[in-house]
Amino acid sequence: MRAIHRLSHVLALVLLTGATSACTTTGGGYFTPTVSADAANLSPVAASAVAGDMVAKLAEHVGPGTGTIVIKPDDSAFGLALEESLRGWGYAVASNQEAPGDNMIPLAYVLDTFEGAVMTRISTPSVELTRTYAMSATGATPTSPLSVMQRVS
């Protein structure tokens, strides 16, 4: 019975991930950066843990030195932790959606709660990463495998 309950959670997560990923794409497959949002209101410790994990995974798909990450300025705990983690991984970061120059990589994120977990999605024009986390007083622990959606031009 527990396995069926767990399977229903995984199925719900897959459906939610598919539904939300459709929201960030347009018919031509072109990424349109949206306003980033931390609806989960993470604590600084949890935000740092989630940002560190997600940026490590992002580095596997969009390596440092490939361009400047452009994020909209955000004073949320996650926004600050994400920017710090990106810089820690060697990314150049511009905190302005209208940053001039070549090789700009717009990045948007969304965090929201779902069945007691926090679903995190980070999107760039070439890849979208989604994962859920369980929050604790000492940080956050992944509760799902990483979902990777690669976009092709």
Side-chain angles (χ1 to χ4, degrees), residues 9-26 29-101 103-151:
H9 284 304
V10 171
L11 182 57
L13 177 64
V14 168
L15 292 173
L16 180 64
T17 301
T20 58
S21 67
C23 295
T24 62
T25 61
T26 61
Y30 177 78
F31 168 78
T32 304
T34 58
V35 175
S36 296
D38 177 2
N41 295 317
L42 301 183
S43 71
V45 173
S48 182
V50 172
D53 182 55
M54 292 299 283
V55 171
K57 299 303 182 187
L58 180 68
E60 295 173 10
H61 300 279
V62 181
T66 57
T68 299
I69 301 291
V70 180
I71 59 176
K72 187 168 179 110
D74 186 344
D75 291 334
S76 71
F78 183 77
L80 297 172
L82 180 64
E83 189 170 341
E84 181 180 322
S85 187
L86 286 164
R87 290 182 197 281
W89 272 85
Y91 287 95
V93 178
S95 298
N96 183 345
Q97 294 285 49
E98 302 300 322
N103 297 326
M104 294 295 167
I105 303 170
L107 184 142
Y109 63 86
V110 175
L111 282 80
D112 208 347
T113 56
F114 177 71
E115 293 189 1
V118 173
M119 187 174 87
T120 305
R121 182 180 59 206
I122 292 180
S123 302
T124 71
S126 63
V127 69
E128 183 171 301
L129 308 175
T130 305
R131 187 175 231 178
T132 59
Y133 295 86
M135 299 299 119
S136 70
T138 59
T141 306
T143 57
S144 72
L146 182 70
S147 170
V148 179
M149 182 182 74
Q150 293 185 331
R151 295 180 177 94

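Numbers here are sequence positions counted from 1.
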Original post:
Going through the checks in order, is the side chain to side chain contact (heavy atoms under 4.5 Å, CB included) test met by N103 and T66?
Top reply: CA-CA 7 Å; N103 297 326; T66 57; over 6 Å; no
**OP:** Taking all heavy atoms of W89 and all of G52, pick out the closest pair and write down the distance.
**Re:** NE1-O, 4.3 Å
**OP:** Could you go through the side chain to side chain contact (heavy atoms under 4.5 Å, CB included) check for T113 and M119 one step at a time?
**Re:** CA-CA 6 Å; T113 56; M119 187 174 87; over 6 Å; no
**OP:** Take I105 and V62, measure what side chain to side chain contact (heavy atoms under 4.5 Å, CB included) needs, and give me the verdict at the end.
**Re:** CA-CA 9 Å; I105 303 170; V62 181; 3.8 Å; yes
Subject >> Results of salt bridge (Lys or Arg N to Asp or Glu O under 4.0 Å) for E84 - residues two or more places apart only >> reply: none
Original post:
So how far is it from S85 OG to M54 CE, rounded to the nearest 0.5 Å?
Top reply: 11.0 Å
Subject >> A59 to Y91 - nearest heavy-atom pair and separation >> reply: CA-OH, 3.1 Å
**OP:** Supply the atom-to-atom distance L111 CG to S76 OG, rounded to the nearest 0.5 angstrom.
**Re:** 8.0 Å
**OP:** Just grab all the salt bridge (Lys or Arg N to Asp or Glu O under 4.0 Å) pairs involving residues 132-149, residues at least two apart or on different chains.
**Re:** none
Original post:
What residue among L82, L129, I71, T120 forms side-chain contact (heavy atoms from CB on, under 4.5 Å) with Y109?
Top reply: L82
**OP:** Could you walk me through whether L107 and L58 pass side chain to side chain contact (heavy atoms under 4.5 Å, CB included), step by step?
**Re:** CA-CA 11 Å; L107 184 142; L58 180 68; 3.8 Å; yes
Subject >> Pairwise side-chain contact, V127 with R151, heavy-atom cut-off 4.5 Å (strictly under) >> reply: no
**OP:** Would you confirm whether R131, through its side chain, and S144, through its main-chain N or O, come within 3.5 Å as a donor-acceptor pair?
**Re:** yes
Subject >> S136: partners by side-chain hydrogen bond (donor to acceptor under 3.5 Å, both in side chains), with sequence neighbours left out >> reply: T138
